[in-house]
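Let me begin by presenting the structure, written as structure tokens, before commenting on it.
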There are 2 protein chains.
Amino acid sequence: MASGRTLANEAWEALLSAHATTMKRVAAQDTWTEISIREYDVLYTLARCDEPIRISELHRHVLLSQPALSRLVDRLTRRGLVERQPDAADGRSVRLSLTTDGRAVQRQAGRRHARSVARALTARLSRPELSALEAICLKLAGQAPAPSATTPAAPRRPADD
Amino acid sequence: MASGRTLANEAWEALLSAHATTMKRVAAQDTWTEISIREYDVLYTLARCDEPIRISELHRHVLLSQPALSRLVDRLTRRGLVERQPDAADGRSVRLSLTTDGRAVQRQAGRRHARSVARALTARLSRPELSALEAICLKLAGQAPAPSATTPAAPRRPADD
DNA sequence: AGTAGGTACATGCAAACGCATGTACCTGGG
DNA sequence: CCCAGGTACATGCGTTTGCATGTACCTACT
């Protein structure tokens, strides 16, 4: 009998394998001459936000340590793709938003990236499988099924271990 | 309304989110004092192999550049966890296997790791969801021929690619 | 008000990474 | 046999990362 432990570990291993394989396929594209995938990840997250967000919020979306993210944002700021503004409500915090250039770079890379991702996934998974994958992964990530606002006010993340 | 492109991209974003979130939860455990997660990944892959494997084969399982993997193996060798042997059939190649110490370290870290992974996944996903996730991810990784969502735990071999 | 403790981000430093390239070896055409 | 081209792994070098820690700020309790 496959215990819950074993089943969960097999599922995790499969997810890791799918992630690594697809990531390699996507990274092999010629999309990443201007910016790296990690930089794109930051630009993309910023592009999805209506209001400037904090670094700590950004940190929740990115698999990087806080210092690494801080310096990554620093580089993007120096390159004129991201703008830093002080937070009126909190003196410790920094608000980040895309510049016009940053949005343009994100859009251009995003178009190619979306194409190669779609190519990689639709070649192997059917539409129902894609839907199921999305639903399960969102649940695993601890998000509501509705992909709505990105406002940081509502603490809708159960921060359990 | 959701085109195949959009659906695929949403699924990929969900997978990335699930990966990052779960990875952070797992990385926050105190499992990684002896070895890092990436080092464990290598030890685990070696532990699953009956015969010594090449670095290039290892490289297919790990999301690292070839030079980075080469040096990671170098460190593990210097620490006495991995053994390098020349390949009789191919003079360019190197065969890798775990030492007794390496196997012990892998087992100890693996036990804790498996527990925390199981905790993270079973807290959020049901058994059918775990099965479906595994099946879809294996298919996405290019390893599973079965299209059914309710795949029984067949004795799957560590096939290459 | 003063202070202890927590949060948000930055920085010093050693370790690790990716890219380009080097070295050794294998393979196939002449 | 020789050599061009490809594969497998290693190494030089500049960049990036993580850990530990520092700085500035907010919060709460006394």
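The chains referred to below are lettered A, B, ... by the order of the sequence lines, with proteins before strands, and numbering in each begins at 1.
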Chain B contact limits on DNA chain C, taken 5' to 3' with a cut-off of 4.0 angstrom to heavy atoms:
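The contacted stretch runs from C:dA16 to C:dC26.
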What is the distance, to the nearest angstrom, from the [atom1] atom on [X] to the [atom2] atom on [N]?
{"X": "A:Arg75", "N": "D:dG14", "atom1": "CZ", "atom2": "P", "value": "17 Å"}
{"X": "A:His59", "N": "D:dC19", "atom1": "NE2", "atom2": "C1'", "value": "13 Å"}
{"X": "A:Gln66", "N": "D:dT16", "atom1": "CD", "atom2": "C1'", "value": "15 Å"}
{"X": "A:Asp74", "N": "D:dT17", "atom1": "CG", "atom2": "C1'", "value": "15 Å"}
{"X": "A:Leu64", "N": "D:dC19", "atom1": "CG", "atom2": "P", "value": "11 Å"}

Qualifying ring pair (Phe, Tyr, Trp, His ring centres under 6.0 Å) pairs with a residue from residues 91-113 of chain A, counting only residues at least two apart or across chains:
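Those involving residues 91-113 of chain A are A:Trp32-A:His113, A:Tyr40-A:His113.
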Closest-nucleotide mapping onto DNA chain D: is A:Arg71 or B:Arg95 further toward the 5' terminus? I mean the 5' end.
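Between the two, 5'-proximity favours B:Arg95.
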Which residue lies more 5' along DNA chain D, comparing A:Asp90 with A:Glu39 via nearest heavy atoms:
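The answer here is A:Glu39.
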Would you mind classifying the nucleic acid contact of A:Ser65 as base, sugar-phosphate or nothing, using non-hydrogen atoms under 4.0 angstrom?
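It contacts base atoms.
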Using modelled atom types only, decide if a donor and an acceptor are shared between the side chain of B:Arg54 and the backbone of B:Val94 within a distance under 3.5 Å.
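Checked: no pair found.
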B:Gln85-B:Ser97 side chain donor-acceptor pair, cut-off 3.5 Å
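A pair is found: one side chain offers a donor N or O, the other an acceptor, under 3.5 Å apart.
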